[in-house]
Amino acid sequence: MGSNKKLRLAILASGGGTNLQSIIDQCQQGILDAEIVLVVSNNPNAGALGRAKKAGIATTCINHRDFDQREDFDNAVIATLQEAGTELVVLAGFMRIISAVFLQAFPQRIINIHPALLPSFPGLHVQQKALDYGAKFSGCTVHFIDDGVDTGAIIAQAVVPIFSDDSEATLAARILEQEHKIYPQVIQWFAEERITINGRQVAIEAGKQDKSTLTNPPVI
Ligand code: GAR
């Protein structure tokens, strides 16, 4: 733990919220020098809202269906985030595209987690796409948001093997387990102000290097 000042996170989630839960847990355990000041969902039925309420975290539901234009929805979300004093916007299963107005409000301060090894398999249903393609590895990627879909500079990735008897559900679960490790880690690097971005290159100050390689199936 560094200084007393905690990084103020807003988490945006549309679904069940297991990534949110891993961040809540690590904040509560004092592993993260961060506090979740607000959880925002576009989906009134998102499990993430229930998880946040249970942890005593402020929640807001802003339903995108109430807005004609994407920018109007984004402006409503931005106002809420600014009011809460958000320093880092964390997308955790947030299934809306972020518009330019949102990027301008939080430059290099919006991060996302994606359940594939970008730039392979951007978009939706990517665990099934990796299976259908016959890939031997997949994983997850934490990246900055830019003006493309899943194209922003990569901060961290974790790799998992794909097995011949995998289903979409078994692969998604294996990937999620890694998501729950690397997303809190990246947030802690932000809290420690160790992340620098230069074009597509993201560096972690005093980050470790692991020179091991992976082969699947193994070479005997
Ligand atoms: C996670 O697998 C996350 O990577 C993915 O949605 C899931 C949310 O799970 N995000 C995307 O596909 C973003 N395009 P969770 O609600 O249990 O955290």
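Residues take their numbers from the sequence shown, with the count starting at 1. Atoms within each ligand, like the ligands themselves, are counted from 1 in listed order. No hydrogens, no waters, no symmetry mates; every other heavy atom, side chains included, goes into these values.
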Is there any N or O on [X] that sits under 3.5 Å from an N or O of ligand 1?
X: Thr18; value: yes
X: Glu179; value: yes
X: Asp150; value: no
X: Leu20; value: no

How about Asp25 and Gln29: does a side-chain donor come under 3.5 Å of a side-chain acceptor?
no
Correct closest heavy-atom pair for Pro161 and Leu171 would be O-CD1, 4.3 Å
Show every donor-acceptor pair shorter than 3.5 Å between a side-chain atom in residues 104-113 and any protein atom, with sequence neighbours excluded, or say none if there are none.
from, atom 1, to, atom 2, distance (Å)
Arg109, NH1, Glu87, O, 3.4
Asn112, ND2, His143, NE2, 3.1

For Phe94 and Phe73, take the angle between the two ring planes, folded into 0 to 90°, and tell me which bin it lands in: parallel under 30, tilted 30 to 60, perpendicular over 60.
parallel
According to a hydrophobic-cluster definition based on side-chain heavy atoms being under 4.5 Å apart (Ile, Leu, Val, Met, Phe, Trp, Tyr only), do Leu32 and Val39 belong together?
yes
So, the side chain of [X] versus the backbone of [Y]: is there a donor-acceptor pair under 3.5 Å, distance only?
X: Gln178; Y: Val159; value: no
X: Asn216; Y: Lys136; value: yes
X: Thr141; Y: Gln157; value: no

Among all protein heavy atoms, pick out the one at the shortest distance from [atom]; state its residue, atom name and that distance to 0.1 Å.
atom: atom 11 (C) of ligand 1; answer: Met95 CE, 3.6 Å
atom: atom 10 (N) of ligand 1; answer: Ile113 O, 3.6 Å
atom: atom 8 (C) of ligand 1; answer: Gly93 CA, 3.7 Å
atom: atom 5 (C) of ligand 1; answer: Pro115 CD, 3.8 Å
atom: atom 9 (O) of ligand 1; answer: Asn19 ND2, 4.1 Å
atom: atom 16 (O) of ligand 1; answer: Gly17 N, 2.7 Å

Please, which pairs that meet side-chain hydrogen bond (donor to acceptor under 3.5 Å, both in side chains) have at least one residue in residues 194-209, sequence neighbours excluded?
Glu192-Arg194
Does ligand 1 have any atom sitting under 4.0 Å from a heavy atom of Gln21?
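No.
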Compute the minimum heavy-atom distance from Ala13 to ligand 1 and say whether it is under 4.0 Å.
no
I need the contact type for Leu124 against ligand 1. Using non-hydrogen atoms and a strict under-4.0 Å cut-off, is it side chain, backbone, both or neither?
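The answer is neither; Leu124 stays 4.0 Å or more away.
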